[in-house]
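Let me begin by presenting the structure, written as structure tokens, before commenting on it.
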Amino acid sequence: MAASPSIVSTAPSTVAETHCPYCALQCGMTLAERDGRWEVGARQFPTNRGGLCRKGWTAAELLSSPERLTTPLVRSSRGDSLTQASWPEAVDFIVSRVRALQTGYGRDAMAIFGGGGLTNEKAYVLGKFARVVLRTKNIDYNGRFCMASAAAATQRMFGIDRGLPFPVSDIPEAEVILMVGANPAETMPPLMQYFEEQRRRGGRFIVADPRRTPTAASADLHLQLTPGSDAALANGILFVALRDKLLDEAFIASRTRDFELARGAVASYWPDRVERITGVPASSVQAAARLLGGAKTAMIFTARGAEQQSHGVDNVMAFANLALAFGHSGKVGSGFASLTGQGNGQGGREHGQKADQLPGYRKLASAVDRAHVAAIWGVEPDDLPGPGLATMELFAALGERGGVRGLWVMGANPVVSAPRAAELEERLARLDLLVVSDPFLSETAALADVVLPVTQWAEEEGTMTNLEGRVLYRHAACPPPAGVKSDLEVMGLVASALGRGEFVPPTPRAAFEELRRASAGGKADYAGISYERIRENDGVFWPCPREDAPDTPRLFAERFATADGRARFFAVQYRPPAEEPNEEFPFYLTTGRVTAHYQSGNQTRRVRSLLEAAPEAFVEIHPAAASGLGVLDGEHVSVVTRRGRVTCRARLTSTIRLDTLFMPFHFAGKGRANTLTNDAVDPVSKIPEFKIAAARLERAPSD
Ligand code: SF4
């Protein structure tokens with residue numbers, strides 16, 4: 001964690017308690033105005049206990065960024081430039097185009113793409129706006145790129161999707177931790193204090209990752225697996241546990257069902273075979289099984305490394321099988337968990353901006369759920385559209401005959417963050433209408449017909465739900481610049497122009513009160529959560545069904561959230577990724593994050609110190625592999641996959657496998673990693689396979 005860089009000049013005029021605008025740890029911080037500028041301060045909060053990473057310390061810089069948009073921009077016709085417009089002009093433009101394309105092509109021709117950084121209020125209203133104001137079925141969001149595999153797997157196995165079923169303060173209680181495809185030392189540095197405390201108490205830490213990341217380097221045991229072989233590794237551990245009788249038979253008998261399915265599925269995963277598939281020595285597979293089997297308490301975490309694969313759901317289920325088989329669930333210091341990435345990656349997937357979902361984790365396909373939500377919204381259940389297209393299906397329909405002709409992007413930058421990004425750019429250019437709401441001219445906004453300047457995190461109140469399922473409150477700590485409106489205001493203006501303004505709550509508080517009623521009785525039940533209760537208690541954990549009921553920091557102590565209260569095992573088989581290396585593309589290309597940047601970099605690439613720390617894309621390659629290609633450290637190289645080619649500097653490091661390349665995905669232009677990534681999706685979660693593409697490296701012509 002970095003120290004605060006600020007030098008005090010005068011006393012701050014106002015100090016507001018708030019939370020970081022970036023990742024799902026949602027670190028507590030203060031925001032104070034000093035000499036006309038906003039600056040961040042440390043705050044004791046249960047998740048970060050005063051710590052912030054460099055992104056958090058510098059977050060206030062964006063509030064006074066000279067790159068801030070303060071007036072709508074409109075492109076009258078393709079080929080023209082974006083020009084400034086008034087809000088009424090921008091709204092008229094949107095409404096006339098929406099009417100025209102829905103009249104010509106049907107309601108579903110207009111689509112929405114939301115974001116996992118939107119507050120709960122905005123995510124909730126966005127889902128309602130799509131289905132009740134625009135009356136389209138087509139809304140999905142960028143959480144499809146993040147948490148979809150973990151969400152699908154934990155729904156199936158535990159009956160509920162909450163990233164961590166325990167507070168982060170429980171982490172030191174675990175005797176053993178197995179972390180798969182996660183690198184919090186770089187992505188969430190303040191979280192590491194809990195893992196460090198676990199180690200100080202004598203706990204053991206195992207990390208499975210193709211790279212020896214800073215997190216893996218701190219582990220007692222690093223399982224440096226072949227990209228895409230996660231399920232084989234998990235099955236190998238379960239094979240050893242069965243063979244060596246390390247399982248918790250009593251837990252399996254009393255708290256689970258279908259164990260025989262998992263038992264049968266792993267019968268052929270003996271350690272030598274697993275070593276051949278994963279590259280992890282058989283002795284390490286056995287060591288991991290013995291550590292997990294010998295512990296009274298253990299936690300197993302997955303993250304995007306295992307989840308962003310065309311078999312991401314299987315991978316998660318294979319590791320969750322382990323947590324159940326060892327009996328490491330439903331007690332303090334134990335549990336299966338997935339580390340959520342985006343700021344509101346948890347709340348953003350609960351309240352209706354997902355293609356198949358209604359608020360409170362209700363389902364559009366359920367007549368009972370539709371009736372409940374329709375009554376809250378004041379419409380007939382039959383007026384609600386059915387489930388829409390998941391993100392990659394939606395993107396494939398853009399500009400197609402009978403497909404989607406208009407798209408409104410809110411809180412996302414898919415031109416940088418989507419796989420096969422160059423093709424997406426082409427598809428966006430075919431639309432009749434592209435609207436982007438953003439505080440900045442993101443790469444996606446730069447392609448839009450209408451760009452709407454909207455508020456940032458500290459300029460509007462609202463709630464976020466962090467990786468623990470803790471609902472947090474963020475103040476409107478500072479006023480937005482003149483000309484900027486909140487997403488809620490914008491949706492209200494467009495809804496009014498379409499004659500349906502009564503369906504958009506006028507304020508965040510009104511939206512949250514409606515969300516509480518809409519979620520009541522659902523899996524993600526917020527009925528008992530109020531702004532006041534959140535502020536008085538450092539957040540409130542859902543489910544929380546009544547104001548006089550306790551919240552739920554820990555799940556599954558007595559029962560799982562399935563119909564019979566038992567967790568369910570699944571049979572998982574290892575299947576190779578959609579692309580494997582061959583003679584033409586001899587490497588696995590995998591992608592991920594660096595400490596200085598967040599997601600598509602639309603915010604952090606505008607913060608000077610963060611850009612100086614990580615100014616451009618790079619590709620990590622093992623020195624022995626580089627030597628074979630004649631590539632030198634720092635030299636420009638081309639990374640090539642079946643989707644395209646990018647150019648960036650080579651970074652030689654022995655922390656990566658010989659057969660693997662790594663690129664950060666935060667950068668646009670010629671260093672855009674997602675020009676290269678594979679859009680093959682998991683059949684259940686529809687998450688793209690960001691983590692594995694077959695690639696080759698070429699020396700670039702000049703430096
Ligand atoms: S980016 Fe995440 S870890 Fe860093 S300060 Fe913000 S919330 Fe905390």
Side-chain angles (χ1 to χ4, degrees), residues 149-150 153 157 178-182 206-211 216 219 221-244 246-247 259 261-293 300-326 336 338 569-582 587-588 590 657-660 678 680 682-685 687 689-694:
S149 293
M157 296 182 69
L178 169 59
M179 182 173 288
V180 186
I206 310 167
V207 173
D209 197 308
R211 303 161 63 214
L221 181 60
H222 177 202
L223 310 173
Q224 196 163 12
L225 75 171
T226 305
S229 66
D230 306 68
L233 177 63
N235 283 359
I237 293 172
L238 187 52
F239 175 96
V240 174
L242 275 159
R243 184 194 66 190
D244 296 354
L246 299 170
L247 303 183
F259 177 60
L261 297 179
R263 182 204 302 269
V266 305
S268 62
Y269 289 84
W270 53 89
D272 287 344
R273 176 173 176 240
V274 171
E275 178 173 335
R276 284 197 295 280
I277 298 170
T278 65
V280 175
S283 58
S284 295
V285 176
Q286 297 181 85
R290 285 171 192 146
L291 281 170
L292 288 165
I300 298 177
F301 293 85
T302 62
R304 302 308 82 71
E307 298 164 13
Q308 287 176 324
Q309 298 186 26
S310 58
H311 307 302
V313 175
D314 281 351
N315 291 342
V316 176
M317 292 198 303
F319 283 102
N321 277 345
L322 291 181
L324 296 176
F326 286 115
F336 173 82
S338 170
F569 281 96
F570 273 76
V572 175
Q573 291 296 339
Y574 160 74
R575 283 169 290 151
E579 282 185 355
E580 289 198 286
N582 60 15
F587 292 99
Y588 294 97
T590 191
R657 290 171 55 98
L658 260 171
D659 58 3
T660 304
N678 193 350
D682 181 284
V684 177
S685 69
I687 201 169
E689 190 149 70
F690 288 105
K691 285 295 183 271
I692 305 152

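Keep in mind that what you see is a predicted model, and the values were worked out from it rather than measured.
With S685 contributing its side chain and D682 its backbone, the two residues share no donor-acceptor pair below 3.5 Å. Of the possible donor and acceptor atoms, one in the side chain of N235 sits under 3.5 Å from a partner among the backbone N and O of V572. Distance alone, capped at 3.5 Å, is enough to place a donor-acceptor pair between the H311 side chain and the P576 backbone. Using modelled atom types, one side-chain atom of N321 and one backbone atom of F570 make a donor-acceptor pair closer than 3.5 Å.
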Chi angles and distances behind the side chain to side chain contact (heavy atoms under 4.5 Å, CB included) call for L178, L221: CA-CA 9 Å; L178 169 59; L221 181 60; over 6 Å; no
Apply side chain to side chain contact (heavy atoms under 4.5 Å, CB included) to T660 and T590, showing your working. CA-CA 7 Å; T660 304; T590 191; 3.9 Å; yes
Go through it in stages, so that I can follow the logic: the residues are V180 and F301, the test is side chain to side chain contact (heavy atoms under 4.5 Å, CB included), and I'd like the CA-CA distance, side-chain angles, deciding distance and then a yes or no. CA-CA 6 Å; V180 186; F301 293 85; over 6 Å; no
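Across all their heavy atoms, R290 and D244 have their closest contact at NH2-OD2, 3.3 Å. Pairing each heavy atom of F259 with each of A325, the nearest pair is CE1-CB, 4.2 Å. Residues P577 and G228 come closest through the heavy atom pair CD-O, 4.4 Å. Heavy-atom minimum distance, A693 versus N678: CB-N, 4.4 Å. The heavy-atom pair separating A153 from V316 by the smallest distance is CB-CG1, 3.4 Å. The two residues D209 and L225 make their nearest non-hydrogen contact at N-CD2, 3.5 Å.
Screening residues 304-322 for salt bridge (Lys or Arg N to Asp or Glu O under 4.0 Å) gives R304-E307, D314-R575 as the qualifying pairs, with residues at least two apart or on separate chains.
Side-chain contact between R657 and P227 is present, with at least one heavy-atom pair separated by less than 4.5 Å. When side chains are defined from C-beta on, F336 counts as touching T302, because their heavy atoms get closer than 4.5 Å. The shortest distance between side-chain heavy atoms of T226 and P210 does not fall below 4.5 Å. Taking 4.5 Å as the limit, some side-chain heavy atom of L223 sits within range of a side-chain heavy atom of I206.
Atom-to-atom distance recorded for I237:CD1 and L322:CG is 5.5 Å, nearest 0.5 angstrom. Taking CD from Q308 and CG from N315, the interatomic distance works out to 11.5 Å, rounded to the nearest 0.5 Å. Atom CZ of F569 is separated from atom CG of L261 by 10.0 Å, given to the nearest 0.5 angstrom. In this structure, CZ on R211 lies 10.0 Å from NE2 on H222, to the nearest 0.5 angstrom. L324 CG to M317 CE: the interatomic distance, rounded to the nearest 0.5 Å, is 12.0 Å.
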Review item, side-chain donor-acceptor pairs of residues 278-285, under 3.5 Å, at least two apart:
residue, atom, partner, partner atom, Å
T278, OG1, V274, O, 2.7
T278, OG1, V280, N, 3.0

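Looking at residues two or more places apart in sequence or on another chain, you find a side-chain hydrogen bond (donor to acceptor under 3.5 Å, both in side chains) between R273 and S268. Shown here are the side-chain hydrogen bond (donor to acceptor under 3.5 Å, both in side chains) partners of S310, two or more places apart in sequence or in another chain: E689. Partners of Y269 by side-chain hydrogen bond (donor to acceptor under 3.5 Å, both in side chains), not counting sequence neighbours, listed by chain and number: Q573. Remark: D230 pairs with Q309 by the side-chain hydrogen bond (donor to acceptor under 3.5 Å, both in side chains) rule, at least two apart or across chains.
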